[in-house]
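All values reported here derive from a predicted model rather than from experimental measurement.
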Number of protein chains: 2
Amino acid sequence: MSAVDRRKQVLDAASKSFALFGYKATTMEQVAKIANVGKGTIYTFFTNKDELFDEILLSAIMEMKRLAEQELRSDRDFFDNLYRVLDALLEFRSEHELFIKLSQEVRDIGTPKAHEGLTKVENGIVGYLQGIVEQAKSTGEIKPLDAQVVSFVMLKLYVALTTDFNQLHKPLSKEQIKEYMMVFLADGLKASS
Amino acid sequence: MSAVDRRKQVLDAASKSFALFGYKATTMEQVAKIANVGKGTIYTFFTNKDELFDEILLSAIMEMKRLAEQELRSDRDFFDNLYRVLDALLEFRSEHELFIKLSQEVRDIGTPKAHEGLTKVENGIVGYLQGIVEQAKSTGEIKPLDAQVVSFVMLKLYVALTTDFNQLHKPLSKEQIKEYMMVFLADGLKASS
DNA sequence: AACTGACCAAAATACAATTATGGTCATTCG
DNA sequence: CGAATGACCATAATTGTATTTTGGTCAGTT
């Protein structure tokens, strides 16, 4: 059994445990047991619990990028691509066991590391969007504004419509969400005169 | 000393105490002492601590409405009015001792009642905006969309630009914020061809 | 040389004792 | 006589302490 296999064993075990129990309730012993490995072995691959967690988040972020990439179609315009990418990313985020568990953990006991992790994922998304926005800027499809601000707002807007809003009201349908996204991002509220 | 005066004494004392110490650290005895009344007297005007708190929040919300009203100018268009109203409201919210203290309290110890209170204020703002949006809808200045969703997004957008964004980056200037607000709300990102 | 698990200091938890607080009401005061 | 009061009480919050758990190490095993 090669070193690479063991590393993967640990990584898989940790993935499962973090997704199942969250950051805090995942113990290194637990991970070792699931991975069928001595606890010391984990430390030959990862310097500590944090780094192990980071590595798992990083691979989740890369997975998200892969998914987003799939949604990009050169035969569609920027806004259509944007909507499908955002949708894929947010759907992935809201269905992935790990993120669900981490969100609960933040809400219920406020584990700082869990919060940090979710922020890191969010930044990953914004960073990815930023690239798309930059490109749309260079092709002249959108106004020449700061791509960081624009992509940040995009994410916030999407989260506001999909998550924040239905904390207080009836959730919006996918079609409604798409409509509002397009209104605010593409054309604005102003009545076309 | 009339009953009305005593009620106001209590209200003023409670205002001071909530703003100075937050919800949790404000005790009824404390309020009584500041108001120069016996503790029992408080309960002749308010059934409990919660209701006392509610009354204070309500008066803050009404004060905000008053401020917003001042900003409305019939010689300006909807978007200009909107920006100035939002600005006044958010500035008030971010400078009012009570709200600063409650925000800290939520962040540091997560007092549910403090969180609830801030949400109530936020809902007050959205409710107020809703009225303005309805009116702009009826005059045909903006597209005929659900006013509740639109005003909710407006607040979220403003908070994203003024508060959320500078948790991670350099704060935006007032001019930049205004520019971005107008882009997303009025005309959208799409390059004017 | 790779791997392991007993071991340790430090952190988290559980529990008990103590204190503080919201709310009441018999008594006082104007 | 009715409005005002503060001692009083049940319960919630806090503090202090004993106990357990956990991240990380490293001498020894495979």
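For the ring pair (Phe, Tyr, Trp, His ring centres under 6.0 Å) condition, the pairs that include at least one residue of residues 118-154 of chain B, sequence neighbours left out, are A:F165-B:F152.
When the C1' atom of C:dA12 is taken as reference, atom OH of A:Y23 falls 14 Å away, rounded to whole Å. As rounded to whole Å, 12 Å separates atom C1' of D:dG6 from atom NZ of B:K33. What separates CZ of A:F45 from P of C:dT4 is a distance of 10 Å, to the nearest Å. If you measure from atom CD of A:Q30 to atom C1' of D:dG24, you get 17 Å, rounded to the nearest angstrom. Counting to the nearest Å, the C1' atom of C:dC29 and the CZ atom of B:R6 are 11 Å from each other.
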Can you give the donor-acceptor pairs under 3.5 Å from side chains of residues 155-163 of chain A to other protein atoms, not counting sequence neighbours?
residue	atom	partner	partner atom	Å
A:K156	NZ	B:D164	OD2	3.4
A:Y158	OH	A:D87	OD1	2.5
A:T162	OG1	A:Y158	O	2.8

When the side chains of residues 118-126 of chain A are checked against the rest of the protein, which donor-acceptor pairs come out under 3.5 Å, sequence neighbours left out?
residue	atom	partner	partner atom	Å
A:T119	OG1	A:H115	O	3.0
A:K120	NZ	A:D54	OD1	3.2
A:E122	OE1	A:R93	NH1	3.2

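Comparing B:I42 and A:T26, the nucleotide of DNA chain D nearest to each residue sits closer to the 5' end for B:I42. Residues B:G38 and B:K24 each lie close to DNA chain D; by heavy-atom proximity, the contact nearer the 5' end of the strand is made by B:G38.
Applying the ring-ring contact (aromatic ring centres under 6.0 Å, His included) rule to A:Y23 yields the partners A:F18, A:F53; only residues at least two apart in sequence or on another chain are considered. For A:E134, the side-chain contact (heavy atoms from CB on, under 4.5 Å) partners two or more places apart in sequence, or in a different chain, are A:K137, A:A147. Residues satisfying the ring-ring contact (aromatic ring centres under 6.0 Å, His included) criterion with A:F99, sequence neighbours excluded, are A:H96. Scored by the side-chain contact (heavy atoms from CB on, under 4.5 Å) test, B:N36 finds B:Q9 as partners (sequence neighbours excluded). Listed by chain and number, the residues in a side-chain contact (heavy atoms from CB on, under 4.5 Å) with B:S173 are B:E175, B:Q176 (sequence neighbours excluded). For B:T44, there are no side-chain hydrogen bond (donor to acceptor under 3.5 Å, both in side chains) partners two or more places apart in sequence or in a different chain.
Look at A:D12 and A:K8 and you find a salt bridge, because one of the NZ, NE, NH1 or NH2 atoms lies within 4.0 Å of a carboxylate O, short of that distance.
Listed by residue number, there are no residues of residues 102-121 of chain B with a heavy-atom contact under 4.0 Å to DNA chain D.
Remark: side-chain polar atoms of A:K143 are paired, donor with acceptor, to backbone N or O of B:G188 under 3.5 angstrom.
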For nucleotides 28-30 of chain D, give me every protein contact, N/O to N/O, under 3.5 Å, one pair per line with atom names.
none

Expected rows: protein N/O vs nucleotides 23-26 of chain C N/O, under 3.5 Å:
residue	atom	partner	partner atom	Å
C:dG23	OP2	B:Y43	OH	3.4
C:dG23	OP2	B:K49	N	2.8
C:dG23	N7	B:K39	NZ	3.1
C:dG23	O6	B:K39	NZ	2.2

